[in-house]
Amino acid sequence: MQVIIFDDAQQIAESAAEWVAELINKKSNPVLGLATGSTPISLYQELVKKYKAGELSFSNTTSFNLDEYLGINEKNEQSYRHFMNENLFDHVDINKYKTFLPTCNQGENPREQGLDYEDKIAQAGGIDLQILGIGANGHIGFNEPTSSLASRTRIKTLTQQTLDDNSRLFAADEFQPTLAMTMGIATILDARYVLLMATGKNKAKAVKAMVTGPLSAVCPASSLQLHENAIVLLDKEAASELEDQDYYVWADKQNVKINQEFGLYHNY
Ligand code: GLP
């Protein structure tokens, strides 16, 4: 796991945007894994900026989002489809027919939808770069603590902590779903690269559990210890509980030189 500590969230967004831009500019049919939540919003703003400046085009990009609330129509403002349209898709030249979410509308079978989503990812050639945030309880996507490390896209019951954390996004009288469709942990681990962003003190405990383990379903993000190319972008608050911070800072200086000479990617 490559841990990079930044001064603030804006620097994280700029760095993450570089990773995305390099992939999109170098690969003819890039496949991006996308995330929702407040953390990636500034990344999407950076990407829109780059698109408007003519620095990148999404015209050949296919995308797969991590998760979507169950039974929420995509016209609903709380749907992650709506979030993606508002924060990215409506502002760049991506072909919306090539943007996928694990949607399961009312009346559809979540088991079939999960299998279908896995098939679609495989048909696209697999995910090159998966963007991730992390829940305060260590979840990635909506893979809550004790999710199987071998899980695939499926229906998942949200924990009370996740419901509480996300309740800020719902009005008092608004329906807040308790079920969601999410890529599984194995689905995420299949991505060629994963880029996890975390900011703020309330993520520090989960970040420590993810980086220094133990590898355990209790902290789903700790599964990234098994990934060959996991890059973790943190601000100082999110990194605050990590020991060995000096090492990460020093190693990053070496990696900057290595990346300049050999590029960010080596096996997509
Ligand atoms: C949500 C999403 C995750 C996200 C996490 C953190 O519930 N399912 O994909 O990473 O919680 O969200 P935030 O970035 O708002 O802290």
Side-chain angles (χ1 to χ4, degrees), residues 6 8-10 12-13 16 32-46 63-72 76-84 86-88 100-104 110 114 117 127 129-147 151 153-170 174 176-185 187-189 191 194-211 219-224 230-235 237-240:
F6 294 87
D8 55 42
Q10 180 55 26
I12 294 179
L32 271 183
L34 298 174
T36 53
S38 37
T39 312
I41 291 178
S42 45
L43 160 63
Y44 298 146
Q45 287 167 347
E46 283 305 308
S63 73
F64 290 92
N65 263 75
L66 282 169
D67 44 19
E68 176 62 284
Y69 287 121
L70 192 93
I72 270 203
N76 186 311
E77 289 192 5
Q78 290 293 354
S79 73
Y80 284 168
R81 163 64 73 182
H82 185 266
F83 174 101
M84 291 310 304
E86 289 269 296
N87 287 290
L88 184 65
F100 300 95
L101 287 93
T103 306
C104 185
Y117 203 60
I127 292 170
L129 174 64
Q130 176 66 55
I131 304 296
L132 289 177
I134 184 170
N137 64 2
H139 75 215
I140 46 176
F142 271 133
N143 293 286
E144 298 285 30
T146 71
S147 286
S151 51
T153 305
R154 70 208 182 292
I155 186 170
K156 191 74 197 163
T157 304
L158 306 184
T159 61
Q160 193 56 50
Q161 182 176 356
T162 296
L163 293 172
D164 293 346
D165 287 349
N166 288 351
S167 63
R168 70 186 193 281
L169 304 167
F170 292 82
E174 198 173 15
Q176 182 178 0
T178 55
L179 297 171
M181 293 292 291
T182 181
M183 278 186 200
I185 293 177
T187 320
I188 293 168
L189 292 181
V194 296
L195 195 60
L196 185 143
M197 299 183 283
T199 58
K201 187 84 189 144
N202 69 325
K203 300 292 173 70
K205 206 164 146 265
V207 164
K208 184 178 187 204
M210 163 178 70
V211 177
C219 176
S222 70
S223 62
L224 299 180
I231 301 114
V232 175
L233 311 180
L234 306 173
D235 69 359
E237 287 75 29
S240 60

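Whatever order the structure lists ligands and atoms in, that order sets their numbers, starting from 1. No experiment lies behind these values; they were computed from the predicted model shown.
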Q.
Within the 4.0 Å heavy-atom shell around T39, which atoms of ligand 1 are there?
A. 13 (P), 14 (O), 16 (O)
Q: If you have a sec, work out which protein heavy atom is nearest atom 8 (N) of ligand 1 and how many Å separate them, to one decimal?
A: D67 OD2, 2.8 Å
Q) Counting each atom of ligand 1 from 1 as listed, which ones have a heavy atom of F142 under 4.0 Å away? A) 7 (O), 8 (N)
Q: Name the closest protein heavy atom to atom 16 (O) of ligand 1, giving the residue it belongs to and the distance to 0.1 Å.
A: K203 NZ, 2.6 Å
Q.
Please tell me whether N166 and Q176 have a donor and an acceptor in their side chains that are separated by less than 3.5 angstrom.
A. no
Q: Provide, to 0.1 Å, the distance between atom 3 (C) of ligand 1 and the closest protein heavy atom, together with that atom's residue and name.
A: G141 O, 3.5 Å
(Q) Please give me the minimum heavy-atom distance between C219 and A206, naming the atom from each residue. (A) SG-O, 4.1 Å
Q: Could you list which atoms of ligand 1 come closer than 4.0 Å to a heavy atom of G133?
A: 10 (O)
(Q) Quick test: of every protein heavy atom, which one is nearest to atom 1 (C) of ligand 1, and how far off is it to 0.1 Å? (A) H139 NE2, 3.7 Å
Q: Measure the spacing between OH of Y69 and OG1 of T178 and express it to the nearest 0.5 Å.
A: 10.5 Å
Q. Quick one: CZ on F6 to CG on L233, what's the gap to the nearest 0.5 Å?
A. 5.0 Å
Q) Among protein heavy atoms, which sits nearest to atom 4 (C) of ligand 1, and what does the distance come to when rounded to 0.1 Å? A) T36 O, 4.0 Å
Q) Of the backbone atoms (N, CA, C, O) and the side-chain heavy atoms from C-beta on, which set of A35 has a member under 4.0 Å from an atom of ligand 1: side chain, backbone, both, or neither? A) neither
Q: Under the side chain to side chain donor-acceptor pair (under 3.5 Å) rule, collect the residues that match up with T146, sequence neighbours excluded.
A: none
Q) Does the Q130 side chain pair with the main chain of F64, one donor and one acceptor, at a distance under 3.5 Å? A) no
Q) Looking only at protein heavy atoms, which one is nearest to atom 6 (C) of ligand 1, and how far off is it? A) I134 O, 3.5 Å
Q: Indicate whether the side chain of T187 and that of R154 have a donor and an acceptor atom separated by less than 3.5 Å.
A: no
Q | Shortest protein contact, atom 12 (O) of ligand 1 (heavy atom only) | A | G37 CA, 4.0 Å
Q) Who are the ring pair (Phe, Tyr, Trp, His ring centres under 6.0 Å) partners of F83, not counting sequence neighbours? A) none
Q: Any atoms of ligand 1 less than 4.0 Å from a non-hydrogen atom of R168? List them with their elements.
A: 15 (O)
